[in-house]
Amino acid sequence: MYKGGYRGKILRINLTVKTSREEELPLEVARDFIGGAGFGIKYLFDEVKGGTDQLGPDNKLIYSLGPFTGTTIPCASRMAVTSKSPLTNGVGVSLTGGYFPVELKRSGYDVLIVEGKAEKPTYVWIKDGEVRFRDAGKVWGTQTTDCQQIIKDELNDQNVRISCIGPAGENMIRIACIINERRAAGRKGLGAVMGAKNLKAIALRGTGSIDVASKEKLKAAIGEMQKAMKESPLLYPQFAKIGTPMVVDLTCALGIFPTKNWSATGEFAPVDQLGVEAQMTRNVGSMHCYGCPVGCSQLKLAKTGSYAGTLTEGPEYETMYSFGGQTGVDNMDSVIAGDRLADELGLDTISAGVAIGFAMELFEKGILTTEDTGGLQLNFGNHQAMLTLIHMMAFREGIGDLLCDGVKAAAEKIGKGADKYAIHVKGLELPAYDVRGAKAQGLNFATAYTGADHNRGYAFQEIFDIPVPYAADRFSTEKKGELTKWNQDVQMAVCDCPTMCAFILPMALMPISTQNTAALMEAATGLTYTPEEIEKVGERANNLAKAFNVREGFTQADDTLPERLITEPLQSGASKGHLISKDELKLMLDEYYRVRGWDPKTSIPTREKLVELGLGYVADQLGV
Amino acid sequence: MLPISWVFRTLRLAVIKVKVYTILGVKKIIGQGELEVSISQGSTVQTVLFWMTKTYGDELSSHLFEPGTVNLLPHIRLMVNGRSVRFLNGMETVLHDGDEVLLLPPVAGG
């Protein structure tokens, strides 16, 4: 019996036969996985069989909320979207914020599972539990802003919240994202799954209320959280005004802002062009997710050239890297325009930018020529070419068709040694940290269940110098296995499952993380946990995600880094001379597998570990 | 005010030069992101910080130190040649000619 936080319901929609049904959310699933990414991983493992075609009707798209979403807990309007990733072939989890998550909770559900494939373009309209399958012919081919507006007009309700794809998702490009409002479930190609299902959008309107187990306890637990937020020297004084792009200044100073396809990190550090001072000349306002007192998302307006007048929510730090440093572009307005264009067409900005930078390096090395590019001069820094390529990828035009399924697939098609320049792990393009100067961050990229993903086990200790649970020398391999496990499990348990904004953890909650989550859980849901049990939830979800990948054929060899990071030391900047050598990576991996309780040779979780986590049935399936 | 290098030369102290890099709020206060500091051989990170606060005044001090003390605020980050002084000798880390000091206010996000 649920006392609060949860609605206790799963909505299952089948697009093939146009049916929907409500199911009870088992209390033990809530207890063991809390919500969000935990639910996504649980239902993905249990319901999507090994070997399922990512773009076939048997793959599922799972929207899942945490028990904090829609309560008065601040910064908790978050949602996980989970599927078998068309980009990595493993678990694809991507989290997004905004208002859609709360609307789903108000609609009466903790989990929405989309199955099958619609016969023709469709959007699903859910109003307080009433499900309608509607013809999406009118919005098929539209950009994401237009799509949302047309659907709102059609439904005659401007307060409808919509999750949708752009042309990139419709064209099933494997770096397509899902957009709600102007937020993105950006990574792992989940937009392609939606497109493969002929599902253009999900529109929601919910008016239900969300109860909590104890208002008094919740007030006290939120008070603890707010106290930590107010005491942060960063959250309100800086982050609320500048947002994530301030990290450009930091990583340039640390010599780890990756540039020119990771060939010029430290040497090309465009802090004057893309850093905070330059950004503030373009800021015109900020946006808040539901229930967020911070409002980190910055609205920027391009001012110069043909980009003048383009407004975007962002670009976030990662996009400053992907459409800036990574492509050698130091023109702020083109990055703003690229961000808006990618959001409208529905591409993941990180993977798109990495693919463009990859093509630029191949062009400069003569591996790609103007014959391949259709005449495009793909030199680093060519911002017009960058914008053109974003468009070409979304529509699978020309060389865009080669790049739009990610750099791993592109390198395989190109041959000629192109794989040496493909910056990915498990098929997922690397985010904005040159981990040659941050080794736990590198170990996280090598081992995260989603592939190279900064949000699944961010090494705050190295990048931001936060000494919790202990300080970490970014150039050392010492205790990095243990640290990475802690980061992955705690971030899963504190942010990705309940669901809580990942930015609040490093800026305010690190010292009280699992303790505060336990207090919030008890107050919101009535379920009691010790801080250790909270961490265990994260460990359970990470092990189950790993098991999914093992079932798909991933091996220890997939826990690695791009060759460049292992063989080429950084040449300039504050991390000059550093890399993660093969021996160092092995040393860290050995420690990581040991502390995880995984077989060090195969990286497969041991039966003992799985049983300890209550995942005995998973051990049976894996045959361990 | 006499140039500090002149003082060292007069006192026959060996002089070393180090570079200090900073960002965001601290950069704004000192008006630049990079400066070269001449100090006597054997000087420490603390020497550089004290020189900087003396040069740039109370505004910088309030950004770096707990009020009325010489205790560095816990979120201020100091690095020498890219490595945190936590893993060197803290504020007593001795600097050498050509060293690069990073003085970083708190940043997070990303």
Side-chain angles (χ1 to χ4, degrees), chain A residues 232-235 237-239 242-256 266 271-272 275-277 296 316-318 320-321 431-433 437 454-455 458 460 462-467 471-476 478 502-508 510 570 573-578, chain B residues 18-36 45 48-49 52 59-67 69 71-91 93 95-96 98-110:
Chain A
S232 165
L234 185 62
L235 188 63
Q238 298 280 334
F239 190 63
I242 305 172
T244 61
M246 74 165 94
V247 182
V248 173
D249 294 58
L250 174 69
T251 52
C252 282
L254 295 176
I256 59 170
V271 69
D272 291 337
V276 165
E277 279 182 44
C296 69
E316 300 292 347
Y317 167 66
E318 288 291 341
M320 290 290 184
Y321 143 72
Y433 302 88
H454 58 298
N455 281 326
Y458 196 110
F460 304 117
E462 290 182 340
I463 310 295
F464 303 136
D465 197 32
I466 297 170
D473 179 355
R474 68 195 182 104
F475 297 140
S476 165
E478 194 181 352
F503 297 138
I504 304 300
L505 179 63
M507 278 180 247
M510 283 291 264
L570 290 164
S575 301
K576 183 179 175 181
H578 290 277
Chain B
V18 298
K19 278 192 174 163
V20 179
Y21 295 93
T22 190
I23 60 173
L24 300 174
V26 179
K27 178 181 173 184
K28 205 170 175 183
I29 292 167
I30 68 176
Q32 54 195 324
E34 177 184 339
L35 66 152
E36 192 172 74
V45 169
V48 172
L49 274 195
M52 286 181 69
E59 195 183 359
L60 181 62
S61 296
S62 66
H63 255 71
L64 303 182
F65 299 107
E66 289 172 359
T69 76
N71 301 325
L72 200 64
L73 287 163
H75 52 256
I76 295 296
R77 190 173 183 184
L78 278 164
M79 308 175 101
V80 175
N81 300 326
R83 178 168 265 131
S84 170
V85 297
R86 285 176 193 277
F87 303 100
L88 299 169
N89 199 22
M91 294 281 274
T93 301
L95 296 170
H96 302 93
D99 277 352
E100 295 182 348
V101 177
L102 280 175
L103 171 58
L104 304 175
V107 175

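By convention in this document, chain letters (A, B, ...) are assigned in the order of the sequence lines, proteins followed by strands, and residues within each chain are numbered from 1. Keep in mind that the numbers below use all heavy atoms, side chains included, and drop hydrogens, waters and symmetry copies.
Leu250(A) touches chain B through backbone and side chain together, each having a heavy atom under 4.5 Å away. Contacts between Ala502(A) and chain B at a heavy-atom distance below 4.5 Å are absent for every atom of the residue. Heavy atoms of Arg83(B) lying under 4.5 Å from chain A belong to its backbone as well as its side chain. Residue contact with chain B, scored on non-hydrogen atoms closer than 4.5 Å, is absent for Glu478(A). The part of Tyr433(A) that comes within reach of chain B is its side chain, from C-beta onward, which places non-hydrogen atoms under 4.5 angstrom from that chain. In this structure, chain B has heavy atoms under 4.5 Å from both the backbone and the side chain of Ala471(A). Contacts of Lys27(B) with chain A are made by side-chain atoms alone, with heavy-atom separations under 4.5 Å and no backbone atom involved. Neither the backbone nor the side chain of Tyr21(B) comes within less than 4.5 Å of any heavy atom of chain A. Proximity to chain B (any heavy atom under 4.5 Å) is restricted, for Ile463(A), to the backbone atoms N, CA, C and O.
Nearest heavy atoms, Phe65(B) versus Leu49(B): CZ-CD1, 4.2 Å. Nearest heavy-atom pair across Leu60(B) and Met52(B) is CD2-O, 3.6 Å. In this structure, Ile76(B) and His63(B) approach most closely via the heavy-atom pair CD1-O, 3.4 Å.
Between Tyr458(A) and Phe503(A), the gap from one ring centroid to the other reaches at least 6.0 Å.
Side chain of Thr244(A) to main chain of Glu316(A): no donor-acceptor pair is present (N/O by atom type, distance under 3.5 Å, no hydrogens or angles). Of the possible donor and acceptor atoms, none in the side chain of Arg474(A) sits under 3.5 Å from a partner among the backbone N and O of Glu462(A). Ser575(A) contributes a side-chain N or O that, together with a main-chain N or O of Leu254(A), makes up a donor-acceptor pair within less than 3.5 Å. Side chain of Glu318(A) to backbone of Ala432(A): a donor-acceptor contact under 3.5 angstrom is found. Between the side chain of Asn71(B) and the backbone N or O of Glu66(B), no donor-acceptor pair lies under 3.5 Å.
Separating the CG atom in Leu64(B) from the NE2 atom in His75(B) is a distance of 8.5 Å, to the nearest 0.5 Å.
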Next item on the list: Assess whether side chain to side chain donor-acceptor pair (under 3.5 Å) is satisfied between Tyr317(A) and Thr251(A), documenting all intermediate values.
Entry: CA-CA 10 Å; Tyr317(A) 167 66; Thr251(A) 52; 2.9 Å; yes
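Interface summary for chain B: among Gly437(A), Gly573(A), Pro431(A), Pro467(A), the most heavy-atom pairs under 4.5 angstrom belong to Pro467(A).
Scanning residues 103-110 of chain B against chain A with a 4.5 Å heavy-atom cutoff picks out Leu104(B), Pro106(B), Val107(B), Ala108(B), Gly109(B), Gly110(B), ordered by number.
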